[in-house]
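This report concerns only the one structure given below.
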Amino acid sequence: MKSSRGHHALIALALVVVGLAVVGSLLRSSRATTGFSDHARPNILVIQFDDAVFSDLHQNLQTKTGAGPVLPNITSLLIHRGVTFRNYYVSVPLCCPSRTALLTGRYARNNGVLDNAGRHGGFRAFRRHDYRDNVAVWLRKAGYWTIHIGKFLNGYDSRPATVPPGWSDWQTLANDPASGLYYGYFFNDNGQISKRYGNPRYCRRYSPGCPYKAESPRNYVTDVLNRRALRAISSAPRKKPFYLQFDVTAPHVDERDSIGPKPPQRYAHLLDGARAPRPPGFNRRNIGGKPSFLRHLDSLTPGEIRGIDYRYRARMESERAVDDGVGRLLSLLRRQGRLSSTYIFLISDNGWFQGEHRIAASKFLPYEPSVRMPLVVRGPGLPRQRSSRALAANIDLAPTFLQIAHARPSRSVDGRSLLGYARSPGRQSRRPILLEGFTRGKAVQPGKGSTGAPIVSYEAIRIGPYKYIRYGNGEIELYDLIRDPYELRSLARNPRFQKVAAWLEGHLKRLIKCSGPSCRRPIGPVPKPLASVPPPTNP
């Protein structure tokens, strides 16, 4: 009897040992997959440019300090140490709809922020819809120390001194961000309005006739934001992981000089003589295949082209100050021993035209310079200096942060996590992306003149090699971005592509009605164009 009991005890003990081994194996597997232990969740640092374009991150120019990358820290510390998503899109190329998509993980038509101002735009619309249902609220509930530094949404002027739910540390530019001041601004410091930083009547240009003498370099907005971000990380509780959303002003246009942003004094002439990129679509002579609202645009004048080059230099010089901040932030994280446990995302809210399609400035339209943005991710378990060609969008950022944090949203999101695509950069999917533009009653800009992008409504789908666009006036464009990356030749009227266009139109109709999981649903293989068009048959 004793022998039988002893035998059963040995069996039970063996089962316990095997069970513990299995559990341990699963835990090790989980940690290997997530890149962190259950007791040390990663930090998340999001650095968001305002109006930067994809090519900005890859500029190599001769500068006053020598030849090389214009943004050396971003190049060496992020691009060379992380994964670059080469097909990352913003669903609406406009500040507030794009930033709200980041916060909510939902398309603009589902989160209610369609514009920068008015009932359906900016902070006013955000407060009416997702004020208490966004990534800051979700991460704070999950135990994260949530920090916001810099620009928020247009219409947020902090009077009264409002601190939105979800933020542990709120250091946000208090004057309406639409003003784009590089000096003479205020902060909302966790509900208290700060002193004014600098003189809002600062000198407009950095030409010899307009010196910097009246301005203190310490008040330059990007440098102040950099210092505040460093202090916020240093003062964050060490027992909690942090989420820092660092929204810089650069290279947004300067309220005091509409032709371009204000560079910091130390970089004011760094790129003297440099020209803006001249891609094949720059000031194109023949735009007969474009929609009617573009066909009527005049060619760019020599003066407008000089303005594009001036603006380009100012934009890149202003971004160099952001690059300085990236270097200091990563250096601080390394000294603290936190860099290896921090995911870093570098993004832009929307793009900017620099002469493409005869457009000298602005955004709004669904072309690549306006909607295809930089996204670089560095973090635990991610490969170095790799590129992903998977389709990604700003609605995917919140789900990615939630997966990193092991957190849950309080409402359904339209996007999906990008973490698996960052870990395996060769991975692809057939999930389409919706691109949209909303006029909300605005008038289309006049046909003559080419200084800004016309404001038009449209719906577009991006999948496989194709981008299919349907405008509010019924005009259609179709581009194969593998063969035509500069969108010079629309295939919408090509008989060989009629089956492709019809297939995309059907999926676009479904996509504009999607919500939650239906937005993430993959679609079948894109049909191939006809090899040739059969001749018409005689009746």
Side-chain angles (χ1 to χ4, degrees), residues 45-51 95-96 99-100 102-103 116-117 122-124 126-127 131 134-137 140 144-202 214-237 242-256 261-265 318-319 321-322 324-326 328-329 332 349:
L45 169 59
V46 182
I47 304 165
Q48 183 166 219
F49 281 108
D50 193 345
D51 290 359
C95 295
C96 292
R99 290 166 183 266
T100 307
L102 180 158
L103 289 165
N116 279 350
F123 185 67
R124 180 181 177 186
F126 175 72
R127 190 163 189 172
Y131 195 58
N134 59 76
V135 74
V137 176
R140 190 169 184 180
Y144 270 69
W145 185 259
T146 53
I147 311 165
H148 184 264
I149 307 286
K151 173 178 177 175
F152 194 52
L153 299 175
N154 292 34
Y156 176 78
D157 61 6
S158 196
R159 292 177 180 83
T162 304
V163 177
W167 297 101
S168 310
D169 188 359
W170 181 254
Q171 302 180 47
T172 298
L173 289 167
N175 47 308
D176 186 348
S179 62
L181 290 172
Y182 283 72
Y183 295 92
Y185 48 86
F186 299 92
F187 278 94
N188 177 334
D189 285 321
N190 295 298
Q192 300 294 321
I193 303 302
S194 74
K195 66 176 184 179
R196 187 191 296 273
Y197 284 75
N199 182 0
R201 300 184 180 277
Y202 56 88
E215 303 153 14
S216 169
R218 286 190 59 80
N219 289 328
Y220 184 70
V221 66
T222 305
D223 293 341
V224 172
L225 293 174
N226 289 339
R227 293 196 298 269
R228 282 176 170 262
L230 291 168
R231 287 198 300 268
I233 289 176
S234 297
S235 61
F242 70 77
Y243 170 82
L244 169 54
Q245 187 171 319
F246 185 35
D247 290 324
V248 299
T249 304
H252 192 278
V253 69
D254 192 335
E255 174 71 10
R256 296 286 294 161
K262 184 79 168 177
Q265 295 184 28
S318 73
E319 290 181 31
V322 180
D324 289 344
V326 169
R328 291 169 188 152
L329 284 168
L332 172 64
D349 61 352

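The shown structure was predicted, so the numbers you read here are calculated from the model rather than taken from an experiment.
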From CG (Asn219) to CZ (Arg196), nearest 0.5 Å: 11.0 Å

Min side-chain heavy-atom separation Phe187-Trp170 under 4.5 Å: no

Pairwise distance OH(Tyr197) to CG(Asp223) - rounded to 0.5 angstrom: 12.5 Å

Distance-minimising heavy-atom pair for Leu244 and Ala229: CD2-CB, 4.3 Å

CG-CD distance between Asp349 and Gln48, expressed to the nearest 0.5 angstrom: 5.0 Å

Close side-chain approach of Cys95 to Asp50, heavy-atom, < 4.5 Å: yes

Test item: Asp51 and Val253 side chains (from C-beta on) under 4.5 Å apart, heavy atoms: no

Distance-minimising heavy-atom pair for Pro164 and Phe123: CG-CE1, 4.3 Å

Parallel, tilted or perpendicular: ring planes of Phe152 versus Tyr156, cut at 30 and 60 degrees: perpendicular

Shortest non-hydrogen separation from Ser216 to Gln265 and the atoms involved: C-NE2, 4.4 Å

Stepwise side-chain contact (heavy atoms from CB on, under 4.5 Å) check, Leu332 with Ser234: CA-CA 8 Å; Leu332 172 64; Ser234 297; 3.6 Å; yes

CA sep, side-chain torsions, deciding dist, call: Val137, Tyr131, side-chain contact (heavy atoms from CB on, under 4.5 Å): CA-CA 9 Å; Val137 176; Tyr131 195 58; over 6 Å; no

Steps toward side-chain contact (heavy atoms from CB on, under 4.5 Å) verdict (Leu153, Arg127): CA-CA 10 Å; Leu153 299 175; Arg127 190 163 189 172; over 6 Å; no

Rounded distance [0.5 Å steps], CZ in Phe242 versus OG in Ser168: 12.5 Å

Audit row: Thr249, Tyr185, side-chain contact (heavy atoms from CB on, under 4.5 Å) steps and yes/no: CA-CA 12 Å; Thr249 304; Tyr185 48 86; over 6 Å; no

Over all atoms of both residues, closest heavy-atom pair of Asn116 and Asn154: O-CB, 3.3 Å

Atom pair CG/NE2 of Asn188 and His148 - distance to nearest 0.5 Å: 11.0 Å

Value rounded to 0.5 Å, distance of NE2 in His252 from CG in Leu181: 11.0 Å

Salt bridge present between Arg231 and Asp169 (N-O < 4.0 angstrom): no

Tyr183 and Tyr220, any side-chain heavy atoms less than 4.5 Å apart: yes

Residue pair Ala321 / Asn226: nearest heavy atoms and the distance that separates them: O-ND2, 3.2 Å

Pairwise side-chain contact, Ile147 with Phe246, heavy-atom cut-off 4.5 Å (strictly under): no

Heavy-atom side-chain contact between Leu230 and Leu329 under 4.5 Å: yes

Side chain Thr146, main chain Arg140, donor-acceptor under 3.5 Å: no

Min side-chain heavy-atom separation Trp167-Asn190 under 4.5 Å: no

Nearest atoms (heavy-atom pairs only) where Tyr182 meets Pro261: OH-CB, 3.1 Å

Criterion side-chain contact (heavy atoms from CB on, under 4.5 Å) against Gln245, the qualifying member of Ile47, Ile149, Leu103, Thr172: Leu103

Arg227 vs Arg218 side-chain heavy atoms within contact, under 4.5 Å: yes

